[in-house]
Amino acid sequence: MGKEITPRLQDYSQWYLDIVKKADMAENSDVRGCMVIKPYGYSIWEKMQAGLDKMFKDTGHTNAYFPVFVPKSMFEAEEKNAEGFAKECAIVTHYRLKNDPQNKGKLMVDPDAKLEEELVVRPTSEAIIWNTYKKWIQSYRDLPILINQWANVVRWEMRTRLFLRTAEFLWQEGHTAHATAKEAEEETVRMLNVYADFAENFMALPVIRGRKSEGERFPGAIETYCIEALMQDGKALQAGTSHFLGQNFAKAFDVQFSGKDGKLDHVWGTSWGVSTRLIGGLIMAHSDDDGLILPPRLAPIHVVIVPIFKTEAELASIAAVAEKIAGDLRKLGYAVKFDNRDNQKPGYKFAEYELKGVPVRIAIGPRDLENGTVELARRDTKEKSVKQVSEVAALIPSLLEEIQQNIYQRALNFRNSMTTHVDTYEDFKKVLDEKGGFVLAHWDGSKESEAAIKEETKATIRCIPLDAASESGKCIYSGKPSVQRVVFARAY
RNA sequence: CGGGGUGUAGCGUAGCCCGGUAUCGCGCUUGGUUUGGGACCAAGAGAUCGUCAGUUCGAAUCUGGCCACCCCGACCA
């Protein structure tokens with residue numbers, strides 16, 4: 001049948017693409033570098049949005065929306081930020097098309113409609129937002145400002161991969177303004193923890209919290225924090241970032257406030273974001289050769305009920321049982337699908353829902369009708385068991401919770417087995433080539449050593465972990481002293 | 001942006017070297033038999049062969065330009 005998935009071990013990137021396409025999550029559009037997120041994939045994004053949005057609200061943030069266009073002069077105000085994104089910006093230069101006199105039926109850019117100032121399509125929104133905050137902030141009483149926006153951004157990528165890297169993607173970006181450095185720093189870490197919490201509890205994805213090295217830092221930030229996850233092929237994926245911006249943007253956009261003492265000072269800022277890239281991480285962390293495996297907390301469908309029937313009458317009797325179970329589960333807040341299509345066989349449906357990662361499947365056939373039972377199957381382990389109709393609905397909540405935990409534990413075990421301590425550069429290279437995963441090694445803290453290691457091994461410092469014990473040692477590259485190990489990996 | 005490759009039905013492809021209006025599979029439509037792990041039979045519909053030009057009696061096939069996409073590198077969430 002046309003639904004075969006390339007095995008992970010044979011070709012990991014093809015396996016990934018097969019899942020994205022065959023689970024009906026997204027496809028390449030006819031617009032270069034841009035994807036179409038299909039309903040099933042978008043449902044997962046909506047689940048992510050719902051979970052994160054609640055966490056943002058619970059930490060005092062509110063949503064707002066800022067323009068997709070940023071005038072070039074505004075964009076370039078914070079120099080480092082502008083420089084960092086300059087190479088991947090899309091620019092609007094004209095505002096009108098007209099009929100092409102040389103080419104009937106075709107349109108051309110109207111040369112008379114050139115914009116006086118070009119508009120940058122936002123690759124991120126610090127510029128427009130800080131430009132706006134300037135108008136909103138006069139006094140310490142106006143602070144803090146705790147705003148998030150759900151938006152699309154454009155980064156003109158040369159090479160794209162569905163969800164992981166596309167020219168346009170969806171994300172959220174939080175932008176906060178504070179009266180003190182301490183408060184902004186706390187906000188930065190608070191949101192990092194929100195992301196870690198979300199990754200671990202919703203996505204069932206264990207992450208390492210850390211700081212970025214100077215070379216990997218967000219352009220314009222004083223400090224960048226991140227969560228790093230490990231994919232099944234041993235490569236790392238940055239799953240979220242939170243930046244302490246210091247007063248950089250406040251200075252660039254002249255955002256000052258009067259303190260209690262009447263003195264003027266620049267505002268302290270943060271920004272933080274996660275994107276649809278998380279969906280890519282979700283796929284690569286959990287799925288197998290049969291398709292997607294979704295953690296129940298992000299699954300658009302929690303339970304699918306598949307009837308096995310020969311006649312319409314049989315379907316009707318099964319439907320009565322199925323609807324009862326579905327109704328009970330829906331009352332408990334679960335999304336249940338009863339797939340009563342008569343043009344596909346049960347086996348086809350089993351395979352299809354496995355491909356789509358639906359956590360739990362209930363099959364009901366004539367034998368079950370006779371016995372008052374159903375067949376219960378879980379996606380994560382593929383285990384099947386027979387249960388009484390009367391008890392099945394009550395079993396689902398704990399089963400879904402168990403699946404959520406199991407997926408997390410499995411990913412954690414994998415990460416642990418793929419995390420290696422090394423003390424020499426030889427071992428470092430060997431582990432990267434033969435095993436992959438996270439490599440914990442000493443580093444002297446210099447840009448030069450970091451760059452040289454990246455150049456020679458393609459591994460980058462994913463982060464300087466926050467919870468690591470201090471431990472004196474010698475940099476694997478330079479031999480200079482080091483106070484703690486950092487996390488190296490090859491990354492997406 | 002460098003290096004390589006590919007464009008033929010909704011998808012995946014054969015045919016191209018050696019010119020004669022296009023093959024097969026999946027999917028789709030209709031009818032029938034099926035249904036506890038991706039059913040089968042029969043009959044259908046569906047392609048100006050990426051695009052523009054050239055050579056030729058005749059071009060998917062030969063020649064040239066253009067466009068698009070994919071893979072490998074540099075850059076990146």
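No hydrogens, no waters, no symmetry mates; every other heavy atom, side chains included, goes into these values.
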Between [atom2] on [N] and [atom1] on [X], what's the gap in Å once rounded to a whole number?
{"X": "A:Arg378", "N": "B:G37", "atom1": "CZ", "atom2": "P", "result": "21 Å"}
{"X": "A:Met35", "N": "B:C69", "atom1": "CE", "atom2": "C1'", "result": "18 Å"}
{"X": "A:Leu315", "N": "B:U35", "atom1": "CG", "atom2": "C1'", "result": "12 Å"}
{"X": "A:Glu157", "N": "B:C76", "atom1": "CD", "atom2": "C1'", "result": "5 Å"}
{"X": "A:Tyr348", "N": "B:U35", "atom1": "OH", "atom2": "C1'", "result": "15 Å"}
{"X": "A:Lys21", "N": "B:G10", "atom1": "NZ", "atom2": "C1'", "result": "14 Å"}
{"X": "A:Phe350", "N": "B:U35", "atom1": "CZ", "atom2": "P", "result": "14 Å"}
{"X": "A:Leu17", "N": "B:C69", "atom1": "CG", "atom2": "P", "result": "16 Å"}

### Task
Can you sort out the partners of A:Asn148 under side-chain contact (heavy atoms from CB on, under 4.5 Å), two or more places apart, ordered by chain and number?
A:Asp53, A:Phe56, A:Asn63, A:Trp150, A:Gln172, A:Trp272
Could you measure the distance from the [atom1] atom of [X] to the [atom2] atom of [Y]? Nearest 0.5 Å is fine.
{"X": "A:Glu448", "Y": "A:Ile453", "atom1": "CD", "atom2": "CD1", "value": "11.5 Å"}
{"X": "A:Lys235", "Y": "A:Arg462", "atom1": "NZ", "atom2": "CZ", "value": "10.5 Å"}
{"X": "A:Ile407", "Y": "A:Asp380", "atom1": "CD1", "atom2": "CG", "value": "5.5 Å"}

List, with names and distances, any nitrogen or oxygen atoms from the protein found under 3.5 Å away from nitrogen or oxygen atoms belonging to nucleotides 31-34 of chain B.
none

Residues 312-324 of chain A, side-chain donor-acceptor partners within the protein, below 3.5 Å, at least two apart:
from     : atom 1 : to       : atom 2 : distance (Å)
A:Glu314 : OE1    : A:Lys310 : N      : 2.6
A:Ser317 : OG     : A:Ala313 : O      : 2.9
A:Lys324 : NZ     : A:Asp328 : OD1    : 3.3
A:Lys324 : NZ     : A:Asp328 : OD2    : 2.8

[N] versus [M] - spacing of their [atom1] atoms, nearest Å:
{"N": "B:U63", "M": "B:A59", "atom1": "C1'", "answer": "11 Å"}
{"N": "B:U8", "M": "B:A47", "atom1": "C1'", "answer": "7 Å"}
{"N": "B:G54", "M": "B:A60", "atom1": "P", "answer": "15 Å"}
{"N": "B:U21", "M": "B:C57", "atom1": "C1'", "answer": "15 Å"}
{"N": "B:A22", "M": "B:A9", "atom1": "P", "answer": "14 Å"}
{"N": "B:G38", "M": "B:G27", "atom1": "P", "answer": "14 Å"}
{"N": "B:U61", "M": "B:A14", "atom1": "C1'", "answer": "13 Å"}
{"N": "B:C70", "M": "B:G50", "atom1": "C1'", "answer": "14 Å"}

### Task
Considering only NZ, NE, NH1 and NH2 on the basic side and carboxylate oxygens on the acidic side, decide whether A:Arg490 and A:Asp433 come within less than 4.0 Å.
yes
### Query
Under a 4.0 Å N-O cut-off, is there an ion pair linking A:Arg361 with A:Glu352?
no
### Query
Which range-with-range stems can be found for RNA chain B when each stem has 3 or more Watson-Crick or G-U pairs in a row and both distances sit under 3.5 Å?
B:1-7 with B:67-73, B:10-12 with B:24-26, B:28-33 with B:39-44, B:50-54 with B:62-66
### Task
Classify the nucleic acid contact of A:Lys382 as base, sugar-phosphate or nothing, counting any heavy atom under 4.0 Å across all strands shown.
nothing
#### Entry: Partners passing ring-ring contact (aromatic ring centres under 6.0 Å, His included) against A:Phe218 (at least two apart in sequence or in another chain)
A:Phe85, A:His243
### Message
Please enumerate all residues that pass side-chain hydrogen bond (donor to acceptor under 3.5 Å, both in side chains) together with A:Ser213, with sequence neighbours excluded.
### Response
A:Glu450
### Query
If you count the non-hydrogen atoms of other residues, nucleotides and ligands that lie under 6.0 Å from CH2 in A:Trp156, is the total more than 12?
no
